[in-house]
Every structure is written in structure tokens, then in C-alpha cells.
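Along the sequence shown, the residues carry numbers beginning at 1.
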Amino acid sequence: MLTKIRRIGNSQGILLSKTMLDQVDIEEYVNVEIKGNAIMIFPATTNPREGWAEQFRLAAEDATVSDDENLMDDGPNAFDDSEWTW
């Protein structure tokens, strides 16, 4: 679909028909991303933490990581060895 970029206040935008928005289940909020030379528009949820509870539940069931395991390596690194002065 060919459409013209329009001035909207101090910004610019395009108008999308209700039919198009309904086809992709976009109601009010969208996520906009740049991929290469394209602008991608995706439906977004109004709750940014949606699905977190399920992900935490799955992580808790993962037997490969214990609750007491330190997930960060606190040992020396290249910065400590070359740039830091004690």
C-alpha cells in the first residue's frame, strides 16, 4: 500500500486504516523497531511484565541452576589486570 508521510505537529507520521490495524490485532499501543532500512510495527501489550510470572516459574523448575549458585564470576578480569591501579 502506497501512502504519504504527513506532518503531525512537529513530527511526521502515516495513517493506518482501522481494517489494517484489526487484521494484526493492534488496538492502542505498538512496539516500533528499525530493522535494516525498514520500520517494523508490532502489536504491544499495555502490561510490560506480562508473562514474567510464567518465566520465573520455568526458571525455578530448571534443575541446572541452584538458588545458592553464584551466577556472576567475581574473579579478576582483563580490566583488573591491565587498567586498574590498586
Side-chain angles (χ1 to χ4, degrees):
M1 174 178 130
L2 181 64
T3 187
K4 184 176 181 176
I5 295 176
R6 301 172 183 235
R7 185 179 184 102
I8 302 174
N10 290 331
S11 300
Q12 295 182 350
I14 60 170
L15 296 177
L16 302 172
S17 71
K18 181 175 179 350
T19 304
M20 288 176 67
L21 297 175
D22 288 345
Q23 287 178 347
V24 293
D25 293 327
I26 292 177
E27 294 177 8
E28 188 174 2
Y29 291 96
V30 296
N31 284 323
V32 180
E33 298 177 16
I34 303 294
K35 291 190 178 181
N37 65 344
I39 299 171
M40 309 292 285
I41 302 172
F42 303 97
T45 62
T46 55
N47 180 1
R49 293 177 181 86
E50 185 175 321
W52 281 22
E54 176 66 8
Q55 292 302 314
F56 282 120
R57 186 187 67 72
L58 292 172
E61 290 177 358
D62 186 356
T64 62
V65 178
S66 73
D67 289 340
D68 297 329
E69 183 178 346
N70 184 358
L71 299 177
M72 227 174 123
D73 179 10
D74 290 335
N77 58 41
F79 176 78
D80 290 338
D81 294 337
S82 65
E83 297 183 29
W84 182 255
T85 303
W86 294 94

J.: Kindly compute the distance separating NZ (Lys4) from CD (Gln12), expressed to the nearest 0.5 Å.
T.: 10.5 Å
J.: Any link between Leu16 and Leu2 through a network of hydrophobic side chains (Ile, Leu, Val, Met, Phe, Trp, Tyr) touching at under 4.5 Å?
T.: no
J.: Which of these, Leu21, Thr19, Leu15, sits in a side chain to side chain contact (heavy atoms under 4.5 Å, CB included) with Ser17?
T.: Thr19
J.: Atom CD1 of residue position Ile5 - does it have more than 12 heavy atoms of other residues, nucleotides or ligands inside 6.0 Å?
T.: no
J.: Could you see if Met40 belongs to whatever hydrophobic cluster contains Ile14? Use Ile, Leu, Val, Met, Phe, Trp, Tyr and a side-chain cutoff under 4.5 Å.
T.: no
J.: Could you go through residues 25-39 and list every donor-acceptor pair under 3.5 Å that involves a side-chain atom there, pairing it with any protein atom two or more places apart or in another chain?
T.:
none

J.: When you measure from the side chain of Arg57 to the backbone N and O of Ala59, does any donor-acceptor pair fall under 3.5 Å?
T.: no
